[in-house]
Amino acid sequence: MIFLDNAGTTKMFDECAGIYKYYACEKFYNPSAMSRESSLLHQLLDDTRKFFLKKLGATSGTVIFTGGATESNNLAIRGSVRNGNFEYLFSSGEHPSVYNVAKSLQNEGKAVNFIKLTSVGTVNIDDLRLKLNANVRLISIMLVSNETGAINDIKKITLLRDELCPKALLHVDAVQGFMKIPFSLQGVDLLTFSAHKFHGPKGVGGLYVKNSTILKNIVYGGGQEFGLRSGTENVAGIMAMRKACELIDVRENFEKVSHLKEVFNQNLNCEGIQILNFGGSPYIESLVFNGVKGETMLHALEERGVIVGLGSACSSKKAGNRILQEIGIPNTDIVSSVRVSFNAYMSEKEIFDASQIIVEVYNDIKRRVN
Ligand code: PLP
């Protein structure tokens with residue numbers, strides 16, 4: 001099987017599974033309990049927090065361990081909401097774990113605004129400039145789009161925030177960028193990451209918080225994670241997530257994936273197959289199959305051992321694709337599209353084989369339809 005849906009999830013490294021088992025079965029103690037073993041785990045979690053801060057290039061702040069990016073995003077946004085005459089800004093390209101929180105705030109009567117996207121899927125900086133004002137409490141903009149791979153210029157956004165509303169917090173959903181592309185944390189107040197997108201386990205992630213006093217808890221309980229995320233920490237998952245980071249060289253992987261994508265695209269030379277290239281992350285792109293539904297391609301490809309995605313896994317069961325529509329991709333192309341996403345541990349042969357199978361499957365379906 002050739003897995004080309006790595007933006008949906010990634011295969012966990014074997015080493016992470018080993019670490020996971022060790023902490024789940026041997027060091028299974030509750031890090032908040034009073035035993036010596038427990039307090040050693042507590043220290044280990046704090047050391048791991050420091051590890052992630054270093055990985056992020058943070059000079060201050062902390063990391064709250066969560067049950068994945070959906071939870072981190074909810075905590076970042078809902079935890080920043082305050083009573084008063086505040087506005088909340090979101091890019092319209094956000095993943096449902098941000099977008100639907102924004103919609104829920106809007107339904108509760110909060111002043112929520114969405115920033116338009118450019119035709120290459122990035123945040124429209126002119127529109128952002130227009131919507132930024134002194135009342136804005138929070139701006140939430142993703143680093144890399146899970147739909148298009150478009151990369152937002154976070155640096156530029158922080159500078160604009162500093163100029164127009166320095167009190168606004170900036171939250172970045174970095175799920176498709178952390179451990180994949182180099183970026184700077186400077187000026188970012190809150191940042192989300194998720195282990196299963198970089199070969200760690202599912203159901204574990206983190207939220208970088210520049211200053212923990214800016215956030216309020218959204219769940220109530222025993223007060224773990226500085227009171228911001230009650231619930232016994234998933235020690236095994238957190239340690240396995242750390243292991244995944246230790247095994248990844250971001251720059252080396254970036255080069256490898258850029259090369260793999262080039263090989264893939266060069267060998268996908270076929271009339272009727274269009275590559276939607278937004279010039280962003282090498283990890284993600286979309287393909288449009290003229291005259292054939294994306295869903296048809298997805299199932300036919302799976303029969304031949306190639307797994308691709310249909311937009312974001314969370315939204316793929318719903319009609320249409322809000323983000324591709326927003327950036328002006330015609331509906332006929334959207335229904336004929338699939339998302340392909342790579343990882344750095346694939347071989348060139350796998351990539352070549354996948355491209356050939358895609359061409360064969362497409363030509364085969366076209367022949368049968370005509
Ligand atoms: N944000 C982005 C950009 C994503 O791509 C995803 C997963 O597809 C999520 C958030 C949600 O991540 P999790 O599965 O860890 O909740």
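These numbers were taken from a predicted model, which means no experiment stands behind them. Sequential numbering from 1 along the given sequence is applied to the chain's residues. All ligand and atom numbering here is 1-based and tracks the order in the structure.
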Any idea which part of T70 is under 4.0 Å from ligand 1, heavy-atom wise: side chain, backbone, both or neither?
both
Do S32 and Q224 come within less than 4.5 Å of each other through their side chains, counting heavy atoms only?
yes
Check: V175 N/O within less than 3.5 Å of ligand 1 N/O
no
Mark up the atoms of ligand 1 that fall under 4.0 Å of a heavy atom belonging to M142, in ascending order.
3 (C)
Is it the side chain (CB and beyond), the backbone, both or neither of H196 that lies under 4.0 Å from ligand 1, heavy atoms counted?
side chain
Is there a heavy atom of E94 sitting under 4.0 angstrom from any atom of ligand 1?
no
Just say parallel, tilted or perpendicular for the rings of F13 and Y345, cut-offs at 30° and 60°.
perpendicular
Which pairs pass side chain to side chain donor-acceptor pair (under 3.5 Å) with one or both residues in residues 189-208, sequence neighbours excluded?
T9-H196, T9-K202, N73-T192, R161-D189, H171-T192
Let me confirm one number: the CE-CG distance from M239 to L45, rounded to the nearest 0.5 Å.
7.5 Å
A69 and ligand 1 - part of the residue with a heavy-atom distance under 4.0 Å
both
Just let me know how Q176 lines up against ligand 1, side chain, backbone, both or neither, with a heavy-atom cut-off below 4.0 Å.
side chain
G205 to ligand 1, any heavy atom closer than 4.0 Å:
no
Side chains of K103 and F114, heavy atoms from C-beta outward: is any pair under 4.5 Å?
yes
Check R304, K366, R367 against E360 for a salt bridge (Lys or Arg N to Asp or Glu O under 4.0 Å) and give me the one that passes.
R304
